[in-house]
Peer 1: 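To start, I am sharing the structure in question, which I have written as structure tokens.
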Protein chains: 2
Amino acid sequence: MYEKYVKLLKDHNLKITSPRLEILKYLDEHHTHPNVEAIYSSLKKKHPSLSRTTVYNSLETMEKNRIVQSLTISGSEHRYDLNKSLHHHFLCTRCGIILDIDIACPNMDKTLQGGHHVEEVHGYFKGICKNCQKKEKGWRTNG
Amino acid sequence: MYEKYVKLLKDHNLKITSPRLEILKYLDEHHTHPNVEAIYSSLKKKHPSLSRTTVYNSLETMEKNRIVQSLTISGSEHRYDLNKSLHHHFLCTRCGIILDIDIACPNMDKTLQGGHHVEEVHGYFKGICKNCQKKEKGWRTNG
DNA sequence: ATACTATTTTGTAATTATTACAATTTAGTT
DNA sequence: AACTAAATTGTAATAATTACAAAATAGTAT
């Protein structure tokens, strides 16, 4: 059940704790790029002793170990992602959904730019998602 | 003196106001990608009646009109840029400086990705800048 | 199994950035 | 000079995050 998350943590010499395992499981099962509040309020149901601060702490630790990735695209909150293969993200400014965008990008795996040591690369698109456009069209047609 | 900022605002049918002109001038003269606080505290000296809220309001309006650009790279605050040619950004996680990165990128001018309507494209690199690396090396050698 | 210690979790109290809002002022027009 | 919509201002809220200290726990050594 939790073997793969245990392995992930062990591989980074991190202690195996319930909050960390649950957060990893949550991210693995929800590809919604949730914010802290979403993770916290969902896990809190099954684990009432969970603290919001723990979610912050755990994510911070796992981010430092590159197990999870923090997206700053929204500008008002951090949103999280299991750190799998490199990919871009799209934020819908209408509904707030963040979607994975898999496109070729020659700059994604750079470790040096302009003489600076690069540790992270982020490609963000912002706009209106397919779904929200459909909704707006529908309303306009009906109105 | 302020002609070009006046023109920028006029071209977007925005009213010509002192706060807007001063903010544009500040951004034009400081390529530091400042946050609201930096802009506010600098302008406040010469214009004591300026309100922090006005800086927020002005930047919001000018961002909607694509006169300025908001960078969310830092994750804790918005940082601003005069919206000139498309380019990437590098954030130093040590000193917080944001630098322009001019590299070719085939995805920078996309208006559609995965069927979604794209209005903004951001390319962010995070890491340790040349200068901070130099400092760290120096200290270690001397220690 | 037990004891030990560093790490983690937890809850509360700050802090920081940003937004809401209502009153006043002002830009652009009549 | 008067008008009106928009912008500015200050204060009060809100939202996300961090600081901190006490309690609990994981992993290790005994």
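Just so it is clear, the structure is predicted and the values come from calculations on it, not from any experiment.
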Peer 1: Report the distance from atom CG of B:Leu43 to atom C1' of D:dT8, rounded to the nearest whole Å.
Peer 2: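 In whole Å, D:dT8 C1' and B:Leu43 CG are 14 Å from each other.
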
Peer 1: So which nucleotide from D:dT8, C:dT8, C:dT10 ends up closest to the side chain of A:Arg20?
Peer 2: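 The listed nucleotide nearest to A:Arg20's side chain is C:dT8.
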
Peer 1: Determine, stepwise, if the pair A:Arg52 / A:Glu37 fulfils salt bridge (charged side-chain N to carboxylate O under 4.0 Å, His left out).
Peer 2: CA-CA 8 Å; A:Arg52 190 179 277 103; A:Glu37 200 55 33; 2.9 Å; yes

Peer 1: Once you round it to whole Å, what is the distance between C1' of C:dT9 and CD1 of A:Ile23?
Peer 2: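 So the CD1-C1' distance, A:Ile23 to C:dT9, works out to 11 Å.
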
Peer 1: Using atom CD of B:Glu60 as one end and atom P of D:dA6 as the other, report the distance to the nearest whole Å.
Peer 2: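 These atoms are roughly 15 Å apart.
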
Peer 1: List in chain and number order the residues that pass salt bridge (charged side-chain N to carboxylate O under 4.0 Å, His left out) with A:Lys84, two or more places apart in sequence or in another chain; answer none if no residue qualifies.
Peer 2: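 By the salt bridge (charged side-chain N to carboxylate O under 4.0 Å, His left out) rule, A:Lys84 matches A:Asp81.
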
Peer 1: Apply ring-ring contact (aromatic ring centres under 6.0 Å, His included) to A:His31 and list each qualifying residue two or more places apart in sequence or on a separate chain.
Peer 2: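 Testing A:His31 for ring-ring contact (aromatic ring centres under 6.0 Å, His included), a comparison that skips the adjacent residues, returns none.
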
Peer 1: Tell me every residue that passes side-chain hydrogen bond (donor to acceptor under 3.5 Å, both in side chains) with A:Lys4, counting only those two or more places apart in sequence or in another chain.
Peer 2: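 Counting only residues at least two positions away or on another chain, A:Lys4 forms a side-chain hydrogen bond (donor to acceptor under 3.5 Å, both in side chains) with A:Asp28.
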
Peer 1: Output all residues satisfying side-chain hydrogen bond (donor to acceptor under 3.5 Å, both in side chains) with A:Asn13, sequence neighbours left out; order by chain, then residue number.
Peer 2: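 A:Asn13: no side-chain hydrogen bond (donor to acceptor under 3.5 Å, both in side chains) contacts found.
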
Peer 1: Whole-Å distance between D:dT9 P and B:His47 NE2?
Peer 2: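 Distance check: B:His47 NE2 to D:dT9 P gives 11 Å.
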
Peer 1: Could you go through residues 91-106 of chain A and list every donor-acceptor pair under 3.5 Å that involves a side-chain atom there, pairing it with any protein atom two or more places apart or in another chain?
Peer 2:
{"unit_1": "A:Thr93", "atom_1": "OG1", "unit_2": "A:Gly127", "atom_2": "O", "d": "3.2"}
{"unit_1": "A:Arg94", "atom_1": "NE", "unit_2": "A:Glu136", "atom_2": "OE2", "d": "2.4"}
{"unit_1": "A:Arg94", "atom_1": "NH2", "unit_2": "A:Glu136", "atom_2": "OE2", "d": "3.3"}
{"unit_1": "A:Asp100", "atom_1": "OD1", "unit_2": "A:His33", "atom_2": "NE2", "d": "2.8"}
{"unit_1": "A:Asp100", "atom_1": "OD1", "unit_2": "A:His87", "atom_2": "NE2", "d": "3.1"}
{"unit_1": "A:Asp100", "atom_1": "OD1", "unit_2": "A:His89", "atom_2": "NE2", "d": "3.3"}

Peer 1: Partners of B:Glu77 by salt bridge (charged side-chain N to carboxylate O under 4.0 Å, His left out), sequence neighbours excluded?
Peer 2: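 With neighbours one apart ignored, the set is B:Arg79.
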
Peer 1: Angle, rounded to 10°, between the helical axes spanning five pairs at each terminus of the helix from C:dA1-D:dT30 to C:dT30-D:dA1?
Peer 2: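 It comes to 30° between the two terminal axes.
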
Peer 1: At under 4.0 Å between heavy atoms, which parts of nucleotides 19-30 of chain D does protein reach? Answer with one letter per nucleotide, 5' to 3': B base, S sugar-phosphate only, - none.
Peer 2: B------BS---

Peer 1: Rounded to whole Å, please give me the gap between CG in A:Asn13 and P in C:dA6.
Peer 2: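 Distance check: A:Asn13 CG to C:dA6 P gives 17 Å.
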
Peer 1: What pairs of residues pass the ring pair (Phe, Tyr, Trp, His ring centres under 6.0 Å) test when at least one of them lies in residues 92-117 of chain A, not counting sequence neighbours?
Peer 2: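 As it turns out, the ring pair (Phe, Tyr, Trp, His ring centres under 6.0 Å) pairs with a partner in residues 92-117 of chain A, which skip direct neighbours, are A:His116-B:Phe90.
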
Peer 1: Expressed as a whole number of angstroms, how long is the span from A:Tyr40:OH to D:dT17:P?
Peer 2: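 Going from A:Tyr40 (OH) to D:dT17 (P), I get 15 Å.
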
Peer 1: From CE of A:Met62 over to C1' of C:dT7, roughly how many Å is that when rounded to an integer?
Peer 2: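 In whole Å, C:dT7 C1' lies 15 Å from A:Met62 CE.
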
Peer 1: Identify every side-chain donor-acceptor pair in residues 59-66 of chain B under 3.5 Å, counting partners at least two apart or on other chains, and give the distances.
Peer 2:
{"unit_1": "B:Thr61", "atom_1": "OG1", "unit_2": "B:Asn57", "atom_2": "O", "d": "3.1"}
{"unit_1": "B:Asn65", "atom_1": "ND2", "unit_2": "B:Thr61", "atom_2": "O", "d": "2.9"}

Peer 1: Applying a 4.0 Å non-hydrogen cut-off, can you work out what A:Ser58 is touching in the nucleic acid: base, sugar-phosphate, or nothing?
Peer 2: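 Result for A:Ser58 = sugar-phosphate.
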
Peer 1: Do B:Leu50 and B:Tyr40 touch side chain to side chain, with heavy atoms closer than 4.5 Å?
Peer 2: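 The answer is yes; the side chains approach within 4.5 Å.
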
Peer 1: Can you name the salt bridge (charged side-chain N to carboxylate O under 4.0 Å, His left out) partners of B:Glu29, sequence neighbours left out?
Peer 2: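 By the salt bridge (charged side-chain N to carboxylate O under 4.0 Å, His left out) rule, B:Glu29 matches B:Lys25.
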
Peer 1: Could you run down the sub-3.5 Å N/O contacts of the protein with nucleotides 15-18 of chain C?
Peer 2:
{"unit_1": "C:dT18", "atom_1": "OP1", "unit_2": "B:His78", "atom_2": "N", "d": "2.9"}
{"unit_1": "C:dT18", "atom_1": "OP2", "unit_2": "B:Tyr56", "atom_2": "OH", "d": "3.0"}

